[in-house]
Protein chains: 2
Amino acid sequence: MNPLTPREAARRRLLDTLRREGPMARVEIGQQLGMSPASVSELTASLVDEGILVTEETGESAGLIRGRPKVRLYFADTLGSVIGVWTGFNRIELRLVDSAGRNRASRHIEHPLRNLEAEELMDVLAEAIAAFARDTNAPNLKAVGLACQGYVDTRDGIVAWSPVLGARDLPLASGLNRRLGKPVLIENDASAMAFAIAQRHSELRSGRTACLMVGDGVGLGFLIQGELYRGARFGGSEFGHVRLRRSGPQCRCGGRGCIEAFLADYALHRDAQLIDHRPAPTVLIPGEDAMDAIVAQARAGHPALANLFREAGEVLGDAVGILIQTLEPDHIVICGPGTRAMDLLRPSFEAALESQTIPELRALATIQVVESSMDLLTEGVVMQALRELDLDLARLRAA
Amino acid sequence: MNPLTPREAARRRLLDTLRREGPMARVEIGQQLGMSPASVSELTASLVDEGILVTEETGESAGLIRGRPKVRLYFADTLGSVIGVWTGFNRIELRLVDSAGRNRASRHIEHPLRNLEAEELMDVLAEAIAAFARDTNAPNLKAVGLACQGYVDTRDGIVAWSPVLGARDLPLASGLNRRLGKPVLIENDASAMAFAIAQRHSELRSGRTACLMVGDGVGLGFLIQGELYRGARFGGSEFGHVRLRRSGPQCRCGGRGCIEAFLADYALHRDAQLIDHRPAPTVLIPGEDAMDAIVAQARAGHPALANLFREAGEVLGDAVGILIQTLEPDHIVICGPGTRAMDLLRPSFEAALESQTIPELRALATIQVVESSMDLLTEGVVMQALRELDLDLARLRAA
DNA sequence: CTTATTTGTTCATCTAGCGAATAAAACACC
DNA sequence: GGTGTTTTATTCGCTAGATGAACAAATAAG
């Protein structure tokens, strides 16, 4: 979090690339990062010294090209492990990775989390994480990263507000830390998603990327040059609670006409139920099956349902329009489970977008839809935990 | 525009502080910027060498304190001058400053600019600037900075779209450059305003500051750590054209329900005319007097007019809410002529803001209203031109 | 006149990065 | 098999930029 020394910044860039791209030879690293071979050599020497990087042992030749064979560097996978967690409304997603970032195990648990008391919630989470660590025999667990919905203060480890929680200002990181005895990093889930997606698409790591995640809610992760934009306190914003229609449907935040109230799964599901004249839905968060059924009906031509998606598309278009006019991003990514109905949303989405932005402005941003599973959330938060650890390791050694 | 070398960055920080704070001794500069006296000495030596800075000649003692007296450094005012320009709809505002940033002369011209042909517009502007330069005998004119409404591509000197212009993609900087033979820097007016205001309020230069300018239109300048946020292409955004009410009043961009269509002077004036059952207004841009009259009537209790301002305040609240939920700024500044009616806007403004943001989020940003004359626009753009020149000078010498 | 105090400069040192020379490890070719 | 060629990696000396510490300068207080 503190400003990085030039050395630390270079170190981070190097390790970031290596994590993303896998084993690389020193020359390749130099080319990719625009550093001289001398600098790479110097930097990697200390990283190998510290045991963070390992040199490829295989004497295997490069094959067709002549010349001295490349010696590739890769992450040591024996320095410990990290657990990544995502918490939904009634689901906990877990992932164990080793220090090289490789997936070692994953699990998900169905467990209602909504409106638990603060202490109870943390007990449940801590127990789930501890059990996962026990069962997977997590070798030398170094840290836990947790992605969740809501306004998350990453620096202080506090969740100021979340649709999952009754409580406000929950000191989640310290609470879990006390229970688990490990450092805990928390992050807004849309931010974690944005980060993970940008790791996989190089073009998203340059310029400004706004990543709109549509699913249980609507979140926004914003990246500048591949780094998460941090506002005054929180990271990703609960962009879904921007109010777009003054007298729109009810939102779970208590307001009316929020973006979420049109686009989120719970909203679509609720409205679909109402259309069918069924009683008000008891399931607050519909399952994937229920959503698929609604989408299928709409695709088949059910007029009222199709209209629901038309309206949702329009709101999505307005939302993206606001993003374009405010942040002027180079890239806009629409991701999350909500993209399953993108074909239904698209016509009204595009019309709404076009009607409120001038072409010159719209042309600046590439808009892409990225299918992204909830896996990416744990991946994103685990990546961030790992790179914090990279830094800590160096700082510990320096002290 | 290119990335700065560490040296250039330090140089810029030093010169920025000196321009803002006036003459300073080397120790003071060191304290303010967190640099060692050694570094300051080294850096200032070359700046004095280059003739950019001058050391105070007065042998006058510091007075009460004993010790070696401070020798203060200040900008040379003989290195040339810069003209700053703002173009409104029917007004051109001009300002001449010397190389030290001190105001030497200013003038404004009433001249209808709206919907002129591109060449004609540039002729008019160039002639106004040239005449001003002639009349003020501008000593060694080094550059011209111009602030205008619209989507301004500062790097390429192009105005992609502007409410003033019929034409799109007007190469304004190069056009004026050809006519005047001087480098021309163009900038969005809300950005220039944001920059100028931040120069005067130190707290706005740390963290993120969103500056909403309400006047002829509604613009947004966004600063991160005192530097203008640059989007993919344009600087400040025409935030006024974010659509907030789908079936709202007509906006001059062609759309309906844009923020501007409620808040801008032209919109309030037009709607006030309609209320009075007068014929559709012929003056597109009302003068200050006309606006004052409307505000006075509303203050006096004219119900329909008061309602106009109530609605405008609500839209302003929604707009600030969007800014808070998207950018999460540390500071929000509302400025421009539109603040004249802030007392009328405030009740509905605050209600709207509160209804759509959670208190934790709202508490992050200080919201302040800054009375700001249009002078500040030319000041802002002149400042930016001067600091570009600081760099150019060094780069020229280096080459 | 001496001393204390504050300001500004000089100098040796440190970090970070780089170009150039050099070493190392393979293949290609005679 | 020896010799050159090619590619990779390391070493070394140099430079930019910043700094702490010693030092020089200029004043007020006593």
Side-chain angles (χ1 to χ4, degrees), chain A residues 3-15 17-18 23-49 53-74 391 394-395 397-399, chain B residues 3-15 17-18 23-49 53-74 391 394-395 397-399:
Chain A
L4 304 180
T5 68
R7 181 65 175 257
E8 286 174 330
R11 189 186 164 100
R12 168 161 279 191
R13 276 197 306 274
L14 196 156
L15 292 179
T17 341
L18 222 53
M24 284 176 90
R26 281 168 250 246
V27 255
E28 294 166 342
I29 295 174
Q31 281 161 9
Q32 179 126 28
L33 297 181
M35 300 168 74
S36 71
S39 304
V40 178
S41 226
E42 203 271 338
L43 205 54
T44 52
S46 60
L47 287 165
V48 170
D49 244 34
L53 294 186
V54 184
T55 57
E56 199 170 37
E57 282 306 320
T58 68
E60 204 184 320
S61 97
L64 304 168
I65 36 158
R66 62 185 180 175
R68 176 175 174 171
K70 295 176 204 282
V71 178
R72 296 204 297 214
L73 297 164
Y74 57 90
L391 221 73
R395 283 189 175 161
R397 241 163 253 260
Chain B
L4 303 181
T5 67
R7 181 65 177 260
E8 285 173 331
R11 189 188 164 100
R12 168 162 279 191
R13 277 197 305 276
L14 196 155
L15 292 180
T17 332
L18 223 51
M24 286 176 89
R26 281 167 250 249
V27 255
E28 294 167 341
I29 295 174
Q31 280 161 9
Q32 179 127 27
L33 297 181
M35 300 167 75
S36 70
S39 305
V40 178
S41 228
E42 204 270 339
L43 204 54
T44 53
S46 60
L47 286 166
V48 170
D49 243 33
L53 294 186
V54 183
T55 58
E56 201 171 35
E57 282 307 319
T58 67
E60 205 185 321
S61 96
L64 306 167
I65 36 160
R66 62 185 180 174
R68 177 176 174 172
K70 296 178 203 285
V71 177
R72 296 203 298 213
L73 297 165
Y74 58 89
L391 261 181
R395 283 187 175 161
R397 243 162 253 261

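Letters A, B, ... are given to chains in the order of the sequence lines, protein chains preceding strands, and every chain is numbered from 1. Please read all numbers here as calculations on a predicted model, not as lab measurements.
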What is the separation between atom CG on A:Leu73 and atom C1' on D:dT10, rounded to the nearest whole Å? 13 Å
So which heavy atom on B:Glu8 is nearest to which on B:Pro3, and how close? OE1-O, 4.3 Å
The complete set of salt bridge (charged side-chain N to carboxylate O under 4.0 Å, His left out) pairs with one or both residues in residues 29-39 of chain A, sequence neighbours excluded, reads none
Atom-to-atom span, CD1 of B:Ile29 to C1' of C:dG8 - whole angstrom: 12 Å
Ignoring hydrogens and geometry beyond distance, is the side chain of B:Arg68 in donor-acceptor contact with the base of C:dT6 at under 3.5 Å? no
Between B:Arg72 and C:dT7, does any side-chain N or O lie under 4.0 Å from OP1 or OP2? no
side-chain contact (heavy atoms from CB on, under 4.5 Å), paired with A:Glu28, selected from A:Met24, A:Gln32, A:Arg26: A:Met24
Checking all strands, does B:Val71 fall into the base, sugar-phosphate, or nothing category for heavy-atom contacts under 4.0 angstrom? sugar-phosphate
When rounded to the nearest 0.5 angstrom, what is the spacing between CG in B:Leu33 and CG in B:Leu14? 6.0 Å
With heavy-atom distances below 4.5 Å as the criterion, would you say the side chains of A:Leu47 and A:Leu73 are in contact? no
Using a 4.0 Å heavy-atom cut-off across all strands, classify B:Ala25 as base, sugar-phosphate, or nothing. sugar-phosphate
Taken to the nearest whole Å, NZ/A:Lys70 to P/D:dT10 is 14 Å
Whole angstroms only, please: what is the CE-P distance between A:Met24 and D:dT8? 12 Å
What are the atom names and distances for every N/O pair under 3.5 Å that joins the protein to nucleotides 18-21 of chain D?
unit_1 : atom_1 : unit_2  : atom_2 : d
D:dT19 : OP2    : B:Ser36 : N      : 3.4
D:dT19 : OP2    : B:Ser36 : OG     : 3.2
D:dT19 : OP2    : B:Ser39 : OG     : 2.5

Nearest 0.5 Å please: distance from the CD1 atom of A:Ile29 over to the CG atom of A:Leu18. 5.0 Å
Taking every non-hydrogen atom, the tightest pair across B:Ala25 and B:Arg72: N-CG, 3.8 Å
Map B:Glu8 and A:Gly67 onto DNA chain D by nearest heavy atom, then report which one ends up closer to the 5' terminus. A:Gly67
Tell me the interatomic distance from B:Gln31, atom CD, to C:dG8, atom P, rounded to whole angstroms. 10 Å
Nearest-Å distance, CD (B:Glu56) to C1' (D:dA26)? 15 Å
Locate the shortest heavy-atom distance separating B:Met35 from B:Val40; write the atom from each residue and the value. CB-CG2, 4.0 Å
Can you tell me how far apart OG1 (A:Thr5) and CZ (A:Arg12) are? Round to the nearest 0.5 Å. 11.0 Å
Nearest whole Å is fine: how far is C:dG17 P from A:Leu33 CG? 11 Å
Work out how much the helix from C:dC1-D:dG30 to C:dC30-D:dG1 bends between its end axes, five pairs an end, to the nearest 10 degrees. 30°
